[in-house]
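One structure is given here, and the rest of the page talks about it.
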Amino acid sequence: MESFKKLNNIIGWLIFLIATSVYLATMEKTASLWDCGEFIAAAYKLEVVHAPGAPFFLMMGRIFSLFASDVTQIAVMINSMSALASSFTILFLFWTITAFGRKIYAKQGKIELEKIYAILGSGIVGSLAYTFSDSFWFSAVEGEVYALSSFFTAVTFWCILKWEEVSDSPHSSKWLVLIAYLIGISIGVHLLSLLTIPAMGMIYYFKKNKYSHLGAIKAFLVSSIILVVIQGLFIPKTASLMGNLDRIFVNSFNMPFNSGVIFFFLLVIGLIILGLFLTRKAGNSTWNTAILGVLVLLIGYSSYATVILRSSANTPINIGSPDDPLKLSSYLQRDQYGDWPIISGQNYNQQYPFVRPSGTKETGKEYLKNNEKGIYEEVGNTIKYTYPESEFFPRMWSSQKEVGYKRWRKSNGKDPNSRINFAENLQFFFDYQIGWSYVRYFMWNFAGRQNDIMNMDQNPVYGNWESGINISKYKDAPSHLKDNKGKNHYYFLPLIIGLIGIFFHFKSHKTDALSVLLFFLFTGIFIIVYLNVPPDQPRERDYAYVGSFYAFAIWIGIGVLGIVNTLQKKFDKKTSAILATVVCFIAAPLLMASENWDDHDRTGRTITIDVAKNYLESLAPNAIIFTNGDNDTYPLWYAQEVEGVRTDT
């Protein structure tokens with residue numbers, strides 16, 4: 001076992017070095033399009049980005065920016081942070097796969113040297129397949145939050161496996177406390193990493209209890225409730241409670257601003273100290289650990305204090321101006337984006353042909369800080385539209401996306417102005433939301449991709465998945481399609497290895513397979529259900545599902561073990577391990593690297609700064625420019641705030 005641990009560490013760090021080299025070699029040397037210009041500029045000067053913010057990402061980006069030799073290297077440093085975060089993600093993926101592999105073989109008795117070869121081979125194949133996967137590689141080479149978010153997803157999931165390994169030893173609960181701290185920090189990057197909580201909850205339950213169907217359902221429900229409490233209550237309502245206390249202290253007790261905030265912190269600290277004292281005295285280690293978890297979660301979450309501090313400084317980029325606790329609560333709840341139905345609500349043409357709300361409902365009061373009067377002044381009511389009927393599972397709900405819904409309905413032989421029934425909502429859910437908005441992206445990563453031309457209307461020649469098996473039908477296609485760098489063909493091979501991994505995992509270690517399945521579903525399809533994705537998105541959204549692809553990469557690694565198990569019927573154990581690793585390595589990571597390199601190599605790309613300079617340099621002195629949308633705006637912010645281009649406009 002000692003030899004396994006040594007090899008596991010050495011090979012893991014070698015995989016890390018490979019991933020780091022790849023990402024640094026293909027990284028963009030300036031800001032990329034979309035949100036990258038905003039995030040790099042805001043990180044450089046610690047400004048306030050769009051809701052719900054990413055304060056920990058910005059602080060880390062600021063640290064990396066300090067190593068830049070001049071302003072043109074700021075983007076390089078922050079992009080390097082994403083590259084390193086991504087390669088650390090690959091490192092923890094390798095160790096996660098080998099941990100699962102070791103558990104599979106531990107059930108069979110002693111782990112011989114041949115089995116060690118197989119386990120390490122599975123880690124190499126699975127982690128490198130994810131290294132070269134389309135969506136993850138895309139985020140790894142630009143200054144955006146998704147690379148750092150993936151790191152927190154990977155490290156928290158790895159930590160629960162470390163806890164499981166030592167759970168019977170003293171002080172093993174330190175791993176659970178660490179997980180809570182990492183979750184708290186990750187809130188200041190992106191909320192996607194929270195979706196691993198149900199999977200980690202299942203691992204915790206299965207370690208502490210013997211498997212039963214009822215027990216597994218209970219564990220799933222409890223861990224899901226923990227996720228809902230953290231995401232739906234803890235994150236937004238902590239700031240809301242703090243803000244309401246401050247309003248009461250200021251308006252009712254005539255105390256200065258932030259007195260309620262100070263009281264809130266003292267109250268929370270006092271309750272935590274009291275809880276730790278009482279649980280320690282009673283010898284209740286479970287509740288003591290839970291309270292410690294809440295404490296470190298709050299410490300990690302405290303990165304959001306910088307949002308109020310920097311907004312109060314009135315920085316040039318200060319979206320939403322969340323400079324007090326009440327505004328911070330609205331900022332965290334993404335109030336500016338509105339809400340949407342999930343289980344019940346309106347269809348877009350509920351009173352066809354247009355949605356017409358039947359009235360409004362008051363949901364609260366709106367307050368703004370009035371520094372002159374020294375109070376929080378009531379400025380109006382918060383309202384919510386009401387509708388005459390509430391439909392079950394409304395999937396076509398947004399009146400802003402009416403054209404997209406009508407186009408889809410017409411292509412499916414429906415009258416686009418007719419009443420929408422439940423069956424049609426369900427058809428849209430499976431066809432568009434699951435099929436187009438998730439499965440297509442999934443197949444990009446593990447079967448192949450047609451081209452990198454954006455496609456939001458489901459036409460057959462742009463942006464579909466394509467394995468390459470029936471490539472002859474594209475031989476007469478125009479060059480911009482046939483020779484597109486995004487045309488990547490894997491011939492279903494990574495997908496097949498992953499499917500083998502799923503079946504072998506459930507066969508050999510069902511409880512672990514269930515945990516990975518929850519990881520896969522919560523970071524993939526369940527996001528689709530929750531977000532109720534409408535058509536005509538401004539860009540492809542595959543980056544939002546990389547957690548799901550991470551889970552499938554675990555199964556690609558486990559698939560190597562499944563193939564080893566099959567080969568052992570004809571070859572000896574050592575030969576089977578080596579042969580399976582080599583074949584799967586060629587069929588997945590090597591093939592994916594060769595296909596994906598050209599369209600993921602951004603070393604010569606300068607379009608963002610070029611666009612920004614063209615905009616700005618063409619203006620008269622002290623001109624005012626009106627821009628529309630991310631790619632018209634964020635490059636300008638980057639050019640002005642970071643590189644100092646035409647700051648007079």
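Below, all heavy atoms of this structure are taken into account, side chains as well, without hydrogens, waters or symmetry copies. Everything numeric here is computed off the predicted structure, so don't read it as measured data.
- Judged as a side-chain hydrogen bond (donor to acceptor under 3.5 Å, both in side chains), and not counting sequence neighbours, Tyr181 has no contacts.
- Under the ring-ring contact (aromatic ring centres under 6.0 Å, His included) criterion, Phe446 pairs with Phe442, Phe552, sequence neighbours left out.
- Relative ring orientation between Phe100 and Phe157 is described as tilted, the plane-to-plane angle lying within the 30° to 60° band.
- How far CG of Asn631 is from OG1 of Thr608: 7.5 Å, rounded to the nearest 0.5 Å.
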**Asked** Yes or no on side chain to side chain donor-acceptor pair (under 3.5 Å) for Ser548 and Tyr438, after CA distance, side-chain angles and deciding distance?
**Response** CA-CA 10 Å; Ser548 181; Tyr438 175 76; 2.5 Å; yes

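- Taking the salt bridge (charged side-chain N to carboxylate O under 4.0 Å, His left out) definition, one finds that Lys401 meets it with nothing, sequence neighbours left out.
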**Message:** Applying side chain to side chain contact (heavy atoms under 4.5 Å, CB included) to Trp340 and Ser398, what does each step give before you reach the verdict?
**Reply:** CA-CA 8 Å; Trp340 57 90; Ser398 174; over 6 Å; no

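- Taking the six-membered ring where the residue is Trp, the centroids of Phe136 and Phe549 are separated by 6.0 Å or more.
- Using a 3.5 Å distance cut-off with no hydrogens or angles, the side chains of Ser479 and Asp483 do not pair a donor with an acceptor.
- Legend: residues meeting salt bridge (charged side-chain N to carboxylate O under 4.0 Å, His left out) with Arg62, ordered by chain and number and at least two apart, are absent.
- With sequence neighbours left out, the side-chain hydrogen bond (donor to acceptor under 3.5 Å, both in side chains) criterion links Gln537 to Arg541.
- Sorted by first and then second residue, the side-chain hydrogen bond (donor to acceptor under 3.5 Å, both in side chains) pairs involving residues 128-142 (not counting sequence neighbours) are Thr26-Trp137, Asp134-Arg449, Asp134-His600, Ser135-Asn445, Ser135-Asp542, Glu142-Arg602.
- Under the 3.5 Å distance criterion, with hydrogens and angles disregarded, a donor-acceptor pair is assigned to the side chains of Gln640 and Thr649.
- In plain terms, the two heavy atoms of Leu91 and Gly12 that are nearest each other are CD1-O, 3.2 Å.
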**Request:** Please report the C-alpha distance between Arg646 and Asn622 in whole Å, then the side-chain angles of each, then the deciding distance to 0.1 Å, and finally whether the side chain to side chain contact (heavy atoms under 4.5 Å, CB included) criterion is met.
**Result:** CA-CA 9 Å; Arg646 288 298 306 275; Asn622 302 308; over 6 Å; no

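- Atom CG of residue Leu161 and atom CH2 of residue Trp163 lie 10.5 Å apart, to the nearest 0.5 angstrom.
- Ring geometry for Trp555 versus Phe520: interplanar angle of 30 to 60°, hence tilted.
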**Request:** Output, in order, the C-alpha distance, side-chain angles, deciding distance and verdict of side chain to side chain contact (heavy atoms under 4.5 Å, CB included) for Lys237 and Gln333.
**Result:** CA-CA 9 Å; Lys237 298 306 179 184; Gln333 293 181 102; 3.3 Å; yes

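- Between the side chains of Gln433 and Asn532, at least one donor N or O lies within less than 3.5 Å of an accepting N or O.
- Checked against side-chain hydrogen bond (donor to acceptor under 3.5 Å, both in side chains), Ser223 has no partners two or more places apart in sequence or in another chain.
- Side-chain contact check for Gln450 and Tyr462: no donor-acceptor pair (N or O, by modelled atom type) lies under 3.5 Å.
- With hydrogens and angles ignored, the 3.5 Å screen pairs no side-chain donor or acceptor of Ser329 with any backbone N or O of Leu326.
- When every heavy atom of Leu194 is checked against every heavy atom of Ser186, the shortest pair comes out as CD2-OG, 4.2 Å.
- A search for ring-ring contact (aromatic ring centres under 6.0 Å, His included) contacts involving Trp34 returns nothing, not counting sequence neighbours.
- Looking at residues two or more places apart in sequence or on another chain, you find a ring-ring contact (aromatic ring centres under 6.0 Å, His included) between Phe234 and Tyr301.
- A donor-acceptor pair under 3.5 Å links the side-chain atoms of Ser302 to the main chain of Ile299, judged by distance alone.
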**Request:** Evaluate side chain to side chain contact (heavy atoms under 4.5 Å, CB included) for Tyr530 paired with Ile527, printing each intermediate quantity in order.
**Result:** CA-CA 5 Å; Tyr530 172 73; Ile527 294 178; 5.8 Å; no

**Request:** For ring-ring contact (aromatic ring centres under 6.0 Å, His included), just list the numbers for Trp158 and Trp175, CA-CA rounded to whole Å, side-chain angles, deciding distance to a tenth of an Å, and then say yes or no.
**Result:** CA-CA 10 Å; Trp158 173 79; Trp175 288 103; 5.8 Å; yes

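- If you check the side chains of His489 and Glu466, you find a donor sitting under 3.5 Å from an acceptor.
- Between Met456 and Pro535, every side-chain heavy-atom pair lies at or beyond the 4.5 Å cut-off.
- Within the structure, side-chain hydrogen bond (donor to acceptor under 3.5 Å, both in side chains) pairs that include any residue of residues 40-55 comprise Glu38-His50 (at least two apart or interchain).
- Atom CG in Leu93 sits 12.5 Å away from atom OG in Ser87 (nearest 0.5 Å).
- For Phe526, the ring-ring contact (aromatic ring centres under 6.0 Å, His included) criterion is met by Phe522, not counting sequence neighbours.
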Which donor-acceptor pairs under 3.5 Å do the side chains of residues 68-75 make with protein atoms, sequence neighbours left out?
{"residue": "Asp70", "atom": "OD1", "partner": "Thr72", "partner atom": "N", "Å": "2.8"}
{"residue": "Asp70", "atom": "OD1", "partner": "Thr72", "partner atom": "OG1", "Å": "2.2"}

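- A heavy-atom distance below 4.5 Å is not found between the side chains of Ile185 and Ser303.
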